[in-house]
Number of protein chains: 2
Amino acid sequence: MDEIFKRTENQRKDIHNSDIPVVCRACEARHGGMCGVMTPQQLTELSKFTTRKKVNPGSEVVGQGEQVAAYANVLKGVVKLSKMLHDGRQQIVGLQFAPDFLGRPFSRESTISAEAATETEICSIPKAVLDRMVGDSPELEHKLHQQALVELDEARDWMLTLGRKTAQEKVASFLYMIALHYDPESTERTVFDLPLSRADIADFLGLTIETVSRQMTKLRGDGVIQIENNRHVSVPDMERLAEVAGIE
Amino acid sequence: MDEIFKRTENQRKDIHNSDIPVVCRACEARHGGMCGVMTPQQLTELSKFTTRKKVNPGSEVVGQGEQVAAYANVLKGVVKLSKMLHDGRQQIVGLQFAPDFLGRPFSRESTISAEAATETEICSIPKAVLDRMVGDSPELEHKLHQQALVELDEARDWMLTLGRKTAQEKVASFLYMIALHYDPESTERTVFDLPLSRADIADFLGLTIETVSRQMTKLRGDGVIQIENNRHVSVPDMERLAEVAGIE
DNA sequence: GACAAACCTTGATCTCGGTCAAATTGGCGC
DNA sequence: GCGCCAATTTGACCGAGATCAAGGTTTGTC
């Protein structure tokens with residue numbers, strides 16, 4: 001992922017010949033995402049239209065099938081993207097962590113619903129404003145293109161997990177992914193809090209709550225993980241976890 | 001999808017103030033994909049480096065984990081993108097039909113393998129050449145961005161199928177998808193040839209060959225489809241098929 | 001600190017899809 | 001048309017994970 005952003009970083013410097021503040025004035029927050037490639041003028045312009053919002057767990061940001069009027073940057077927390085069948089069966093198709101960009105450029109209607117999984121803060125950007133800026137700024141489009149490609153890679157990884165792994169491997173894969181996300185270069189023991197409930201994990205893995213719970217219990221019994229208060233997880237040996245996850 | 005390409009079409013006209021031949025001189029073929037947004041100069045330049053190739057079913061275009069030296073446009077046939085676990089379990093994560101663009105921009109190494117599913121022809125483009133052109137041409141990047149977003153939508157649709165649908169619904173969903181692809185506006189009976197073997201369909205759906213076969217037999221018994229010679233399928237009522245697929 | 005409401009775990013049982021094995025069919029060269 | 005090989009179908013059986021049903025924990029509120 002570092003690799004991927006390097007080019008953008010260089011482009012940016014080439015083009016503007018100076019460092020640019022990556023703090024978006026609109027939110028008075030550091031957007032790790034697309035604001036990094038914006039010029040000061042663009043950021044100033046953008047900040048006239050953006051609004052910062054808190055979103056509580058369970059609240060919907062965009063509903064499936066709704067018209068979309070805004071994009072957003074995730075400033076804090078985790079947003080889950082999901083799809084639902086008419087009879088209520090649900091599948092989570094993506095997780096957006098801060099500072100991801102949230103939205104589907106160039107599409108009027110959302111085919112997925114976005115919902116806060118944890119306490120979340122977003123910086124909302126009207127669709128029309130960003131669409132115009134993207135049209136004028138190749139660097140911005142490049143950045144969004146990159147994020148789309150990263151999300152595509154992630155989605156395809158997850159398809160392998162959904163289609164071909166056992167329940168045990170699925171749960172281990174999920175824990176491994178989250179562990180790496182929150183603690184990418186941990187050497188020894190890796191510790192983190194799960195951002196999702198058992199129900200959400202089940203929806204992410206295409207399993208039932210009961211199966212997720214049983215597999216967690218099994219992983220605990222086998223010494224692969226430790227759990228405190230349901231959400232707090234500790235991994236003594238990441239390689240062991242990767243092995244159980246079928247990641248070799 | 002038409003909607004999506006409209007913008008590019010307009011941009012192109014604005015910028016170049018003329019119609020552009022969408023026939024890529026390199027392949028003497030009509031690339032429906034990215035060549036449509038190239039200037040005549042770009043096409044001439046590109047044609048110095050491209051090569052047209054026939055690929056037989058089962059032949060690998062790019063292997064998982066390999067260095068990638070080229071992109072390609074699919075001119076004819078179907079290419080399957082797949083991922084494999086160390087023990088051989090396989091999942092197809094995407095299908096590329098002509099005239100799709102094949103490749104993962106801005107990444108040196110492929111995490112998926114691409115293999116011809118049918119008799120296929122591709123137009124191969126050296127990575128370095130296209131990367132340079134994309135850097136110089138916002139329209140080209142826009143086009144590739146669009147394709148990435150469409151593929152992301154498709155991947156997420158498929159995640160719902162993989163994670164939450166029954167075997168019956170999975171097979172029906174697959175048939176529905178293929179039927180729509182080859183005959184998008186059929187009103188009455190829809191007829192087509194399956195581009196994949198039962199084994200490939202199984203790898204696409206996260207099932208076994210036997211289950212795919214049984215479900216096909218069941219769909220035939222229920223009158224939802226007719227099959228001749230294993231590959232030739234006929235759908236008398238697409239709405240009925242959609243219903244069985246859980247698409248409402 | 002008591003109560004309620006989520007949330008999570010555990011147990012018993014059932015079922016869908018996997019596994020193993022054996023026919024059957026289709027494609028193709030001669 | 002015949003024979004061969006690969007692809008597909010069909011059958012019998014099994015097991016991983018779903019379902020149904022309690023029973024525990026955690027969290028938040030008054």
Side-chain angles (χ1 to χ4, degrees), chain A residues 56-59 80 85 87-91 115-119 161-175 193-222 225-233 244 246, chain B residues 56-58 85 87-91 117-119 161-175 193-222 225-233 244 246:
Chain A
N56 290 324
S59 297
K80 56 188 195 198
L85 254 25
D87 63 1
R89 282 175 289 174
Q90 198 176 33
Q91 176 67 46
E115 195 179 299
T118 64
E119 286 240 318
T161 300
L162 285 173
R164 289 304 186 195
K165 289 191 183 174
T166 64
Q168 173 97 202
E169 290 169 330
K170 284 181 177 180
V171 172
S173 297
F174 173 75
L175 293 171
D193 283 306
L194 288 176
L196 301 188
S197 68
R198 298 292 187 273
D200 283 340
I201 297 174
D203 280 344
F204 195 66
L205 296 171
L207 299 170
T208 58
I209 314 180
E210 293 94 328
T211 299
V212 171
S213 177
R214 274 185 253 269
Q215 295 304 334
M216 298 271 266
T217 304
K218 180 150 196 310
L219 289 174
R220 188 150 46 80
D222 295 349
I225 57 170
Q226 282 135 277
I227 311 179
E228 269 171 60
N229 294 340
N230 291 337
R231 292 287 188 119
H232 192 75
V233 176
V244 177
Chain B
N56 289 323
L85 253 26
D87 62 1
R89 280 174 290 173
Q90 198 176 33
Q91 176 68 44
T118 63
E119 286 240 319
T161 300
L162 285 174
R164 289 303 185 196
K165 289 191 184 175
T166 64
Q168 173 98 196
E169 290 168 330
K170 284 181 178 182
V171 171
S173 297
F174 173 74
L175 293 172
D193 282 306
L194 288 175
L196 300 188
S197 68
R198 299 293 186 273
D200 283 340
I201 298 173
D203 280 345
F204 196 64
L205 296 171
L207 298 171
T208 58
I209 315 179
E210 293 93 329
T211 300
V212 171
S213 176
R214 273 186 254 271
Q215 296 304 335
M216 299 271 265
T217 303
K218 180 149 195 313
L219 289 174
R220 188 149 45 81
D222 294 350
I225 56 171
Q226 282 137 277
I227 310 178
E228 270 173 59
N229 296 339
N230 290 335
R231 292 291 186 114
H232 192 75
V233 178
V244 177

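Please read these numbers as outputs of a predicted model, since none were measured by experiment. Labels below follow one simple rule: chain letters A, B, ... track the order of the sequence lines, proteins then strands, and each chain is numbered from 1.
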So do the side chains of [X] and [Y] get within less than 4.5 Å of each other, counting heavy atoms only?
{"X": "Leu194(A)", "Y": "Phe174(A)", "value": "yes"}
{"X": "Ile227(B)", "Y": "Arg231(B)", "value": "no"}
{"X": "Val171(A)", "Y": "Met216(A)", "value": "yes"}

What does nucleotides 8-21 of chain C look like as a protein-contact string, B for base, S for sugar-phosphate only, - for none, at under 4.0 angstrom between heavy atoms? SBBBB----SSBB-

Main chain of Pro195(B), side chain of Asp193(B): is a donor-acceptor contact present, judged purely on distance under 3.5 Å?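 No; judged by distance alone, with no hydrogens or angles, the pair does not exist.
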
Give the C-alpha distance, both sets of side-chain angles, the deciding distance and a yes or no for side-chain contact (heavy atoms from CB on, under 4.5 Å) between Lys170(A) and Thr166(A). CA-CA 6 Å; Lys170(A) 284 181 177 180; Thr166(A) 64; over 6 Å; no

Please determine if Arg164(A) and Asp203(B) form a salt bridge, counting it only when a charged side-chain N lies under 4.0 Å from a carboxylate O. yes

d([atom1], [X]; [atom2], [N]) in whole Å:
{"X": "Asn229(B)", "N": "dA6(D)", "atom1": "CG", "atom2": "C1'", "value": "15 Å"}
{"X": "Lys170(A)", "N": "dG17(D)", "atom1": "NZ", "atom2": "P", "value": "8 Å"}
{"X": "Asp193(A)", "N": "dT26(D)", "atom1": "CG", "atom2": "P", "value": "15 Å"}
{"X": "Asp203(A)", "N": "dC7(C)", "atom1": "CG", "atom2": "P", "value": "13 Å"}
{"X": "Leu205(A)", "N": "dA18(D)", "atom1": "CG", "atom2": "P", "value": "10 Å"}

Using a 3.5 Å limit on both pairing distances, list the dot-bracket string of DNA chain C from the 5' end; Watson-Crick and G-U wobble pairs count, crossing pairs take [ ], interstrand pairs take |. ||||||||||||||||||||||||||||||

One should read off an interatomic distance between Lys218(B) NZ and Ile225(B) CD1, to the nearest 0.5 angstrom, of 11.5 Å

Taking all non-hydrogen atoms of both residues, which atom of Lys165(A) and which atom of Glu169(A) are closest, and how far apart? CA-OE1, 3.4 Å

